[in-house]
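Report on the following structure.
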Amino acid sequence: MEAYLVFFLTLAGIYAVLALALNLQWGLTGLFNFGISGFFAVGAYTAAILTTNPSPNHLGGFGLPFLVGAGAAMVAAGILAFAIGLVTIRLRTDYLAIATIGIAEIVRLVFMNEAWIGYGVRGIPGIPRPFSPDPVVFLGVVAVLLLLVFLALERLRRSPWGRVLRAIRENETASLAAGKNVLRFRLEAFVLGSMFMGLAGSLYAHFVGFISPEAFDPLYGTFLIWVMLIAGGSGNNKGALLGAFAIWVVWSGSEFLTGMLPPGLSTQASAVRILLIGLLLQVILLWRPEGLLKEERPALEKTRKK
Amino acid sequence: MYLADFLQLLVYGVISGSILALGAIGVSLIFGILRFAHFAHGDLMTVGAFCALAAVTGLGLPVIAAIPFAILGAVVVAVGIDQTIYRRLRRTAPVILLISSFGMAMALRAVIQIIWGTQDRVYQSGIQLPYRIGDIVLQPAHVWILAGTALLVAAVHLFLQKTSLGKAMRAMSDNMDLARVTGINAERVIIWTWVMGAGLAAVAGVFLAMDTRLHPTMGWHMMLPIFAAAILGGIGKPYGAILGGLIIGVAQELSTLWLSPAYKPAVAFAIMVFMLIVRPQGLLGGRR
């Protein structure tokens with residue numbers, strides 16, 4: 001039971017990093033990213049290649065420390081985001097949604113077909129955990145990094161930079177008229193958010209210890225993170241945290257329930273869970289679009305009252 | 001490279017391009033009129049394909065005769081979703097439609113998986129004798145796909161050019177405000193856009209299943225090339241979508257001369273990105 005709790009909390013923490021990253025992109029800036037799994041996978045593979053011991057089967061490994069791998073994972077995901085953002089960020093955000101789906105699919109295809117990078121579908125095994133193989137220690141690492149990401153994003157949200165992002169989301173033309181370089185702010189938010197997704201990918205790789213392209217089905221992960229953010233409250237970092245944990249409880253709990261179905265129905269069970277989460281998303285969008293926690297509005301209203 | 005191989009790939013490209021075109025017409029019109037990229041369109045194709053399967057196995061119909069059931073199923077699903085969910089979101093927050101349709105894609109796929117499971121299926125098993133024209137091989141299913149697409153494209157053309165509904169659809173897709181002030185009933189046009197988009201998607205789904213096989217994810221995997229086709233042709237331009245579909249289809253097949261076939265989606269993606277850089281309004285000058 002305790003082992004399951006550690007497992008549960010570690011994955012919840014990784015999902016929370018992803019939900020926070022998506023909150024920066026969608027919640028604050030209004031940018032669609034349906035390709036979260038692509039940035040996540042690039043981060044995971046980068047970390048895996050840099051931190052594993054040398055192997056003839058895949059690129060590297062280079063046996064580098066955990067933090068080097070995590071940093072490189074952020075850089076790699078950021079470069080990918082920069083490239084795709086450069087092309088699509090000036091267009092309607094629908095194009096970004098389409099392009100990110102494409103990127104996620106192509107990332108998966110590359111890792112599947114270019115066996116020299118990550119040994120194709122056989123994947124990369126033996127990714128070490130930092131400091132100690134004990135999962136409790138790793139949970140601590142995830143918790144510390146989650147806290148750092150949360151504090152950083154909370155600080156950014158309150159900063160002038162964060163205010164510009166929200167201004168762009170609310171009224172692009174007005175921000176432009178105020179002399180803000182809208183495209184640049186958008187691109188920065190998109191790249192930074194994707195870097196955190198890369199970080200989450202590296203955490204996942206170290207936690208599971210083995211990665212293969214099948215772990216990055218472009219859909220379920222991306223979809224779940226969207227539901228987490230929408231349910232928790234987009235625009236609100238605390239909401240993203242709350243949503244990540246709440247939906248992860250619902251998701252894992254539903255696995256518990258469908259686990260009681262007869263074994264022949266197991267493939268159906270995962271579909272039932274997806275259907276339930278999909279319907280939950282529609283219900284939230286229709287009846288409580290602001291999510292559990294509303295976005296905190298800046299001090300504007302307070303100054304007005306004075 | 002031999003000329004015969006090239007011609008054969010060209011024919012395959014036109015066949016898969018036909019399927020893409022039928023899907024892209026709906027995506028393009030919905031994007032043009034409702035102003036959002038409809039991510040559940042591929043899954044409407046899947047719904048159509050499986051409705052046809054139900055008619056084939058349940059009523060013993062040949063697959064071509066099952067196509068009306070496919071259209072009916074997909075149209076009922078699409079209009080039902082639009083009236084219960086999308087319509088309300090349209091009024092409050094249009095940009096949310098993108099997320100909603102993404103969730104709907106997952107839900108539709110889950111329903112199909114619950115009913116039919118995840119194994120590959122075909123409408124009819126057994127080998128069909130191909131036709132040979134010179135060095136080019138053509139399956140009977142391919143002839144149906146080509147003929148069916150030609151027929152549907154002609155029907156779409158007549159509908160858009162000759163009927164007042166079709167003209168209203170083009171007008172709304174070109175300029176929503178201008179169309180509204182001329183007294184077009186927007187809600188009515190929107191419903192008929194769904195009917196047409198979902199109907200064509202259903203046929204595309206059946207054709208795709210005839211060409212390959214049935215699987216709950218079959219439609220979703222077409223989303224990227226379909227979006228690429230719609231963007232290439234120009235958003236809101238049905239004729240552009242047809243052109244875009246054929247170009248993407250041919251490019252994907254011809255790319256297998258140099259690249260692994262696994263990278264077909266990457267070819268569609270590359271064309272789309274190139275187009276977004278040099279001409280985001282598409283070949284026929286659609287909306288951005």
Side-chain angles (χ1 to χ4, degrees), chain A residues 26 30 32 34 83-84 86-88 90-99 101-110 112-114 169 217-220 222-224 226-227 229-230 234 264-265 267-287 289-290, chain B residues 27 31 35-39 81 84-86 88-89 92-93 95-115 117-119 216-217 220-221 223-228 230-231 235 259-260 262-266 268-270 272-274 276-277 280 287-288:
Chain A
W26 163 247
F32 276 95
F34 282 164
I84 195 67
L86 217 50
V87 177
T88 51
R90 70 202 156 97
L91 302 166
R92 276 171 58 95
T93 193
D94 299 67
Y95 292 96
L96 187 61
I98 296 168
I101 282 235
I103 277 287
E105 180 63 16
I106 286 163
V107 163
R108 198 176 63 90
L109 286 177
V110 166
M112 262 172 79
N113 292 289
E114 304 300 321
R169 183 193 66 189
D217 188 305
L219 280 162
Y220 295 157
T222 300
F223 178 57
L224 211 54
W226 269 95
V227 179
L229 180 62
I230 302 284
S234 27
L265 293 171
T267 52
Q268 255 74 351
S270 73
V272 171
R273 294 167 71 202
I274 292 280
L275 178 61
L276 290 178
I277 293 281
L279 293 179
L280 177 67
L281 175 69
Q282 308 296 344
V283 168
I284 297 169
L285 288 177
L286 283 176
W287 283 292
E290 72 274 20
Chain B
V27 163
F31 205 159
R35 307 302 294 134
F36 81 109
H38 185 228
F39 276 87
I81 292 171
T84 52
I85 296 170
Y86 292 166
R88 299 187 203 189
L89 294 173
T92 51
V95 72
I96 298 296
L97 282 167
L98 214 58
I99 306 172
S100 178
S101 73
F102 186 58
M104 206 40 89
M106 306 297 298
L108 284 178
R109 186 211 285 197
V111 169
I112 287 165
Q113 204 174 314
I114 290 167
I115 301 175
T118 51
Q119 66 270 52
T217 59
W220 174 263
H221 287 303
M223 261 342 302
L224 189 56
I226 284 177
F227 276 132
I231 289 171
I235 291 301
L259 286 172
S260 152
Y263 285 120
K264 279 185 194 174
F269 183 75
M272 184 179 85
V273 166
F274 176 75
L276 288 177
I277 294 171
R287 298 170 71 158
R288 288 195 193 191

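As a basis for the values below, the full set of heavy atoms in this structure was taken, side chains included, without hydrogen atoms, waters or symmetry mates. Order of the sequence lines sets the chain letters (A, B, ...), proteins ahead of strands, with each chain counted from 1.
Rounded to the nearest 0.5 angstrom, L91(A) CG and I277(B) CD1 are separated by 10.0 Å. To the nearest 0.5 Å, the span separating OG on S270(A) from CD1 on I114(B) amounts to 8.5 Å. In this structure, the separation between CZ on R92(A) and CZ on R35(B) is 4.5 Å, given to the nearest 0.5 Å. For the atom pair CZ (F223(A)) and CD1 (I99(B)), the distance works out to 11.0 Å, reported to the nearest 0.5 Å. The distance from the CG atom of L276(B) to the OG1 atom of T88(A) is 7.5 Å, given to the nearest 0.5 Å. If you take OH on Y95(A) and CZ on F31(B), they are separated by 4.5 Å, rounding to the nearest 0.5 Å.
For L280(A), no part sits under 4.5 Å from any heavy atom of chain B, backbone or side chain. Neither the backbone nor the side chain of I112(B) comes within contact range of chain A, judged by heavy atoms closer than 4.5 Å. For a residue to count as touching a neighbouring chain, one of its non-hydrogen atoms must lie under 4.5 Å from one of that chain's; by this rule I230(A) touches chain B with the side chain only. Using a 4.5 Å cut-off between heavy atoms, M272(B) touches chain A through its side chain atoms alone. Interface remark: I98(A) contributes backbone and side-chain atoms alike to the contact with chain B (heavy atom separation under 4.5 Å). Interface remark: M104(B) contributes backbone and side-chain atoms alike to the contact with chain A (heavy atom separation under 4.5 Å). If you measure heavy-atom distances from V227(A) to chain B, you find no contacts under 4.5 Å at all. For chain B, the nearby parts of L275(A) are the backbone and the side chain; heavy atoms of each come within less than 4.5 Å.
The candidate with the highest count of non-hydrogen atom pairs below 4.5 Å against chain B, out of I84(A), I277(A), L109(A), L281(A), is L109(A). Note on G278(A), A97(A), G30(A): by heavy-atom pairs under 4.5 Å with chain B, the leading option is A97(A). Chain A forms the most heavy-atom pairs under 4.5 Å with one residue out of A262(B), A228(B), P216(B), and that residue is A262(B).
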Working note: I101(A) + F227(B), criterion side chain to side chain contact (heavy atoms under 4.5 Å, CB included); need CA distance, chi angles, decisive distance, verdict. CA-CA 11 Å; I101(A) 282 235; F227(B) 276 132; over 6 Å; no

Side chain to side chain contact (heavy atoms under 4.5 Å, CB included) between Y263(B) and V110(A), worked out: CA-CA 8 Å; Y263(B) 285 120; V110(A) 166; 4.1 Å; yes

L286(A) vs R88(B), test: side chain to side chain contact (heavy atoms under 4.5 Å, CB included). Steps then yes/no. CA-CA 7 Å; L286(A) 283 176; R88(B) 299 187 203 189; 3.8 Å; yes

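In this structure, the side chain to side chain donor-acceptor pair (under 3.5 Å) partners of S100(B), at least two apart in sequence or on a different chain, are Q282(A). Not counting sequence neighbours, the partners of E290(A) by the salt bridge (Lys or Arg N to Asp or Glu O under 4.0 Å) test are R288(A).
When all heavy atoms of A110(B) and A271(A) are compared, the closest pair comes out as CB-O, 3.2 Å.
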